[in-house]
Trainee: 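Take a look at this one; I'll ask things after.
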Amino acid sequence: MKVTLTIYAMGLGGAERVMSILANYWVERGWDITLIVLVDRSVPPFYQLDPRIKLQQLGIAGSSANALVASVNIWHRVRILRSAIIASQPDLVIGFMGTAGVLSLLACKNTSIPVIVSEHIYPPLSSASRIWKTLIKFTYRSADLVTVLTESALSFFPPAQGYRSIVMPNPVIVPLPEVKTERLLTSPTLIAVGRLAPQKGFDLLIQAFDRLKDKYPDWHLTILGEGASRGELEALISQSKLTDRIHLLGQVKNVNAYLYQADLFVLSSRAEGFPMGLCEAMACGLPVIATDCLSGPRELINDGVDGILVASEDVDALANGLDLLMSDPVKRQQLAQAAPQILDRFGLEQVMKIWDEAIGLVVKHR
């Protein structure tokens, strides 16, 4: 099977993480995989890719000053992408997320190449411009298949409106412990992972931790990730007089090492799609607490069994949930023992079976 995958960029992010997992899995199976990235070679992939994957970085990403310029740029990108796709001679194209999905559908128009669009954003959370939202709405109807992460997301691409859509959860893998054994975390630690952006609710987490700082003087909070909200979060940490106990470490390659050494994983998001950080924390046996935010955590956590759910955007509820688990090592151990059961539902082999069925049907019907 020859599959060409397209994506805007391969930086740090959940969809990019999933793309790397799928590409590496399929090339290991013996498939011929081409990965076309819209950004240029100056932005190398964040996640490790099998050297057998044929990586092409086209350098056609970018923003547009207005709708007219955007329209011209879109067709310029479609023309370049079409040439690259045809040259790869694929049996199938899979476009990840809105930009690559739309461009792939337009690039493959009037060809015999089937296209699957893999959507990784819960539609109401999309920050796409009006022109891109319009393009997504209309071009996705021409896709041979649209995959979404959850049942709630499926309602935005209903078959009754001409979409061929299914739920395709992200595959969860067991993060391997790092070979190095040095201690990265020397105190009891809450750990959180994600972009430093309002969506992730790290401001809420800092406020919740502030309320518990005196009760748990030995505990620290470590946040892995980078983003535009760093300045605001640093100011909040300073205001709370917690600069020695809350650590913003930026992007790190060895996330797994931190997960295995932490005591409790926290997801404080205001909204999510299918949070990979939460999934992988559970997979490696870390007790977790998450906000019951729009889309995602409730599909992953069995509340009170393999994790704890608390009200979204509620500092009191988050602080109370943290207090419950920070004070009770037995409860944390119970949750940690049950957490890896997430692999029974969303493990790599289980999800890849769904992909196999979907790809088989698309290619057969073409």
Side-chain angles (χ1 to χ4, degrees), residues 1-7 14-36 49-50 52-56 81-82 84-98 100-120 136 139-151 153-173 273-274 276 279 299 342-366:
M1 174 75 73
K2 297 183 69 174
V3 178
T4 294
L5 308 172
T6 65
I7 193 168
E16 294 85 350
R17 171 73 170 138
V18 173
M19 170 70 90
S20 68
I21 291 172
L22 297 182
N24 288 336
Y25 180 94
W26 283 325
V27 80
E28 182 65 28
R29 181 188 278 187
W31 289 14
D32 187 336
I33 301 297
T34 298
L35 172 54
I36 298 177
L49 295 172
D50 190 297
R52 291 171 290 183
I53 296 169
K54 301 169 186 173
L55 177 64
Q56 297 182 41
L81 181 59
R82 181 183 177 92
I85 288 174
I86 291 175
S88 69
Q89 299 181 316
D91 300 310
L92 172 70
V93 169
I94 305 177
F96 271 62
M97 300 191 293
V102 168
L103 294 179
S104 297
L105 288 167
L106 295 175
C108 293
K109 188 175 178 61
N110 298 323
T111 73
S112 60
I113 303 171
V115 179
I116 294 176
V117 175
S118 183
E119 184 57 74
H120 286 256
I136 287 171
T139 62
Y140 276 25
R141 289 191 175 95
S142 67
D144 292 88
L145 187 67
V146 177
T147 72
V148 296
L149 296 176
T150 62
E151 290 291 342
L154 192 65
S155 64
F156 291 89
F157 303 105
Q161 294 183 18
Y163 299 100
R164 291 176 286 273
S165 53
I166 63 168
V167 174
M168 182 72 70
N170 285 337
V172 181
I173 62 174
F274 194 100
M276 288 296 288
C279 293
E299 284 92 339
I342 192 171
L343 295 168
D344 295 336
R345 293 175 288 151
F346 304 116
L348 179 61
E349 294 302 327
Q350 286 83 348
V351 173
M352 296 315 293
K353 289 178 182 178
I354 305 175
W355 268 111
D356 283 346
E357 293 175 3
I359 290 173
L361 288 174
V362 166
V363 173
K364 178 180 179 181
H365 289 157
R366 266 292 179 128

Trainee: Restricting to side chain to side chain donor-acceptor pair (under 3.5 Å), what partner residues turn up for S88, sequence neighbours left out?
Mentor: T4

Trainee: Calculate, to the nearest 0.5 Å, the distance between atoms OG1 and CD1 belonging to T34 and I36 respectively.
Mentor: 6.5 Å

Trainee: Look up atom CG in N170 and atom CD1 in I21, then write down how far apart they are to the nearest 0.5 Å.
Mentor: 8.0 Å

Trainee: List the atom of I354, the atom of P169, and the distance in Å for their closest heavy-atom pair.
Mentor: CD1-CD, 4.2 Å

Trainee: How far apart are the closest heavy atoms of V115 and L92, and which atoms are they?
Mentor: N-CD1, 4.5 Å

Trainee: Taking only residues two or more places apart in sequence or in another chain, which ones pass side chain to side chain donor-acceptor pair (under 3.5 Å) with D50?
Mentor: R52

Trainee: Measure across G273 and T150 and return the closest heavy-atom pair with its distance rounded to 0.1 Å.
Mentor: O-CG2, 3.9 Å

Trainee: At their closest point, which heavy atom of P171 faces which heavy atom of M276, and how far apart are they?
Mentor: O-CE, 3.4 Å

Trainee: Starting at CD1 of I33, measure out to CG of L55 and round the result to the nearest 0.5 Å.
Mentor: 12.5 Å

Trainee: Checking side chain to side chain contact (heavy atoms under 4.5 Å, CB included) for the pair I173/R17: CA distance, chi angles, key distance, verdict?
Mentor: CA-CA 11 Å; I173 62 174; R17 171 73 170 138; 3.1 Å; yes

Trainee: Measure the spacing between NE2 of H120 and CZ of F96 and express it to the nearest 0.5 Å.
Mentor: 4.5 Å

Trainee: Is the closest side-chain heavy-atom distance between L5 and I7 below 4.5 Å?
Mentor: no

Trainee: How long is the gap from CD1 on I342 to CD on E299, to the nearest 0.5 Å?
Mentor: 11.0 Å

Trainee: When rounded to the nearest 0.5 angstrom, what distance separates CG in N24 from CD1 in I53?
Mentor: 4.5 Å

Trainee: Mind checking what makes ring-ring contact (aromatic ring centres under 6.0 Å, His included) contact with Y25, not counting sequence neighbours?
Mentor: none

Trainee: At their closest point, which heavy atom of I85 faces which heavy atom of P90, and how far apart are they?
Mentor: O-CD, 3.2 Å

Trainee: Which atom pairs, one a donor and one an acceptor, fall under 3.5 Å between side chains of residues 100-110 and the rest of the protein, sequence neighbours left out?
Mentor:
from, atom 1, to, atom 2, distance (Å)
S104, OG, T6, OG1, 2.7
S104, OG, A100, O, 2.7

Trainee: Is there a side chain to side chain contact (heavy atoms under 4.5 Å, CB included) between E119 and F156? Walk through the geometry before answering.
Mentor: CA-CA 11 Å; E119 184 57 74; F156 291 89; over 6 Å; no

Trainee: Please report, to 0.1 Å, the donor-acceptor pairs under 3.5 Å made by any side chain of residues 158-168, with sequence neighbours excluded.
Mentor:
from, atom 1, to, atom 2, distance (Å)
Y163, OH, K137, O, 2.6
R164, NE, A143, O, 3.2
R164, NE, D144, O, 3.4
R164, NH2, A143, O, 2.8
S165, OG, F157, O, 2.6

Trainee: Report the residues that fulfil ring-ring contact (aromatic ring centres under 6.0 Å, His included) with W26, sequence neighbours left out, ordered by chain and then residue number.
Mentor: W31, W355

